[in-house]
Participant: 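One structure, pasted below without further comment.
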Number of protein chains: 2
Amino acid sequence: MDMEAQRESSKPNIRGRIKQQKTELIQEEILDAASRLIAARGFRAVTVDDISAEMGFTKSIVYYYMKNKNEILWRIFERIDKTYANGLDEALKPGGSPTEVLARVVKMHALNVMMHQEWAMIYNRDENELTEDQRATVTSNRRKYNKRIQDLYADGIKAGEFRDGDPFLAVCCLIGACNWPYTWFRSSSKYSAEDVASAFADQLIKGAAKAA
Amino acid sequence: MDMEAQRESSKPNIRGRIKQQKTELIQEEILDAASRLIAARGFRAVTVDDISAEMGFTKSIVYYYMKNKNEILWRIFERIDKTYANGLDEALKPGGSPTEVLARVVKMHALNVMMHQEWAMIYNRDENELTEDQRATVTSNRRKYNKRIQDLYADGIKAGEFRDGDPFLAVCCLIGACNWPYTWFRSSSKYSAEDVASAFADQLIKGAAKAA
DNA sequence: CCTACCGATCGGTAGG
DNA sequence: CCTACCGATCGGTAGG
């Protein structure tokens, strides 16, 4: 009777867990394959057949694990949003002057861009392929992300460490510079991601001009 | 006979000139309409029917004035390349210290991005829709453009005006910051293009940190 | 009976 | 300058 109970209660649980694990594993595989292709060619130019072929399957598998083509793109955006938000949490942890924290933020952002270059390409090129609602969410998250850095910048001005100026424009300038490597960075080049991130943090904070 | 000669020689010229003017005018119209739509939705998402409808025509007109869909995109890229190259010619004209010239270059680039925002969107998002050859030309032009600014930067280091650092990375940092407004700038916002360009030039050259 | 998956084909729409 | 139409290819779904 105990055995019976177990057979009825735990076995389905184990099966269910295994099934869910497999589901999540294959979904991750789909997102990885899709990210590679979409980054290289653009969302519209990649067919569901391309994505499944990249994994050695036919597209029915993709449609078994994903509702439709849009869900693939949306889950890529969700992964990106989460990664950057987590990175910012880490960089903004207490410790150091505003200048030091800003250097951490700049480096974190630039490194994320270069280490997940495919994501950055997709994020900055294929946002307009999302639905209205999804785009609104992405825009809202981006605004929150920028706002947190603007607040840091405003603190730095108050502390007398940053030049007085509009925090919005200042952060747009910083983030823009840090985003751009997605268009040109190659990990095989003579500059490592760390080289670039450090050089950018240095130049952006100290300026191009030699201190007078 | 003189009249005859004129009728035979000049009339076709006049007709030819008028016809060519009309051709160029409509081609410009097509490029303008296409730029608006492609910037908003992406090249793959815009149909030739969309472009012709935007002008109040059917697509046969587009195919009369353009060889195919690709030619539209390519001619947009040619316009962009030429505009930026001309802007750089102007900004690099002799006059002023390296610091002053660099400020001119930064402002010119940022202003071009904001004043032709649709071009910047297309240039940075739809380059992968060009043919292999076209992409090679675009890449080559971009490299030349950046190289000219790198040379200016190297001069500024020699003159003791810029902090010593890799000119390639330094210019990537500057240009990246100047490009980014294409993703967020709105001419209706509280910042004018001139505001943004000046603030960026200031921040990029002097740095975020207050001079010690 | 369910699952995971295949070969084939659907309705629609693209560039030309 | 329009209507009508092509070869092809798309995203998504059927039966087995």
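In the text below, chain A, chain B and the rest are named by the order of the sequence lines, each starting its count at 1.
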Participant: Looking at K93(A) and D89(A), does any basic side-chain N land under 4.0 Å from a carboxylate oxygen?
Facilitator: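 No, K93(A) and D89(A) are not salt-bridged.
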
Participant: Do E129(A) and R44(A) sit within salt-bridge range, that is, some charged N less than 4.0 Å from a carboxylate O?
Facilitator: yes

Participant: Write out a two-atom table: protein N or O, nucleotide N or O from nucleotides 8-13 of chain D, distance below 3.5 Å.
Facilitator:
unit_1, atom_1, unit_2, atom_2, d
dG11(D), OP1, V46(A), O, 3.4
dG11(D), OP1, K69(A), NZ, 2.6
dG11(D), OP2, V48(A), N, 3.3
dG11(D), N7, K59(A), NZ, 3.3
dG12(D), OP2, Y63(A), OH, 2.6
dG12(D), OP2, K69(A), N, 2.9
dG12(D), O5', Y63(A), OH, 3.4
dG12(D), N7, K59(A), NZ, 3.1
dG12(D), O6, K59(A), NZ, 2.4

Participant: For F77(A), which of Y123(A), F43(A), Y84(A) qualifies under ring pair (Phe, Tyr, Trp, His ring centres under 6.0 Å)?
Facilitator: Y123(A)

Participant: Pairing of DNA chain C as dot-bracket, 5' to 3': ( ) intra-strand, [ ] crossing, | other strand, . unpaired, with Watson-Crick or G-U pairs under 3.5 Å?
Facilitator: .....|.|.||.|.||

Participant: Do T139(A) side-chain atoms and R135(A) backbone N/O form a donor-acceptor pair below 3.5 Å?
Facilitator: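 Yes.
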
Participant: Centre-to-centre under 6.0 Å for F168(B) and W184(A), is that the case here?
Facilitator: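 Between F168(B) and W184(A), the centre distance is under 6.0 Å.
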
Participant: Measure from CD1 on I61(B) to C1' on dG16(C) and round the result to the nearest Å.
Facilitator: 14 Å

Participant: Applying a 4.0 Å non-hydrogen cut-off, can you work out what Y65(A) is touching in the nucleic acid: base, sugar-phosphate, or nothing?
Facilitator: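 Counting heavy atoms under 4.0 Å across all strands, the contact made by Y65(A) is with sugar-phosphate only.
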
Participant: Does some side-chain heavy atom of T183(B) sit less than 4.5 Å from a side-chain heavy atom of N124(B)?
Facilitator: no

Participant: In whole angstrom, give the distance that lies between atom CD of E71(B) and atom P of dG15(C).
Facilitator: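 The distance from CD of E71(B) to P of dG15(C) comes to 16 Å, rounded to the nearest Å.
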
Participant: Tell me, please, which residues at least two apart from R41(A) pass salt bridge (charged side-chain N to carboxylate O under 4.0 Å, His left out).
Facilitator: D50(A)

Participant: Is there a donor-acceptor contact under 3.5 Å from the side chain of R125(A) to the main chain of I38(A)?
Facilitator: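 Yes.
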
Participant: In whole angstrom, give the distance that lies between atom CD1 of I30(B) and atom P of dG15(C).
Facilitator: 15 Å

Participant: Strictly below 4.0 Å: does T58(A) bring a side-chain N or O up to OP1 or OP2 of dC6(C)?
Facilitator: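 Result: yes.
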
Participant: Please report the distance, rounded to the nearest Å, between CG in L73(B) and P in dG15(C).
Facilitator: 13 Å

Participant: Between dA8(C) and dG12(D), how far apart are the P atoms? Round to whole Å, please.
Facilitator: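 Taking atom P in both dG12(D) and dA8(C), they lie 22 Å apart.
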
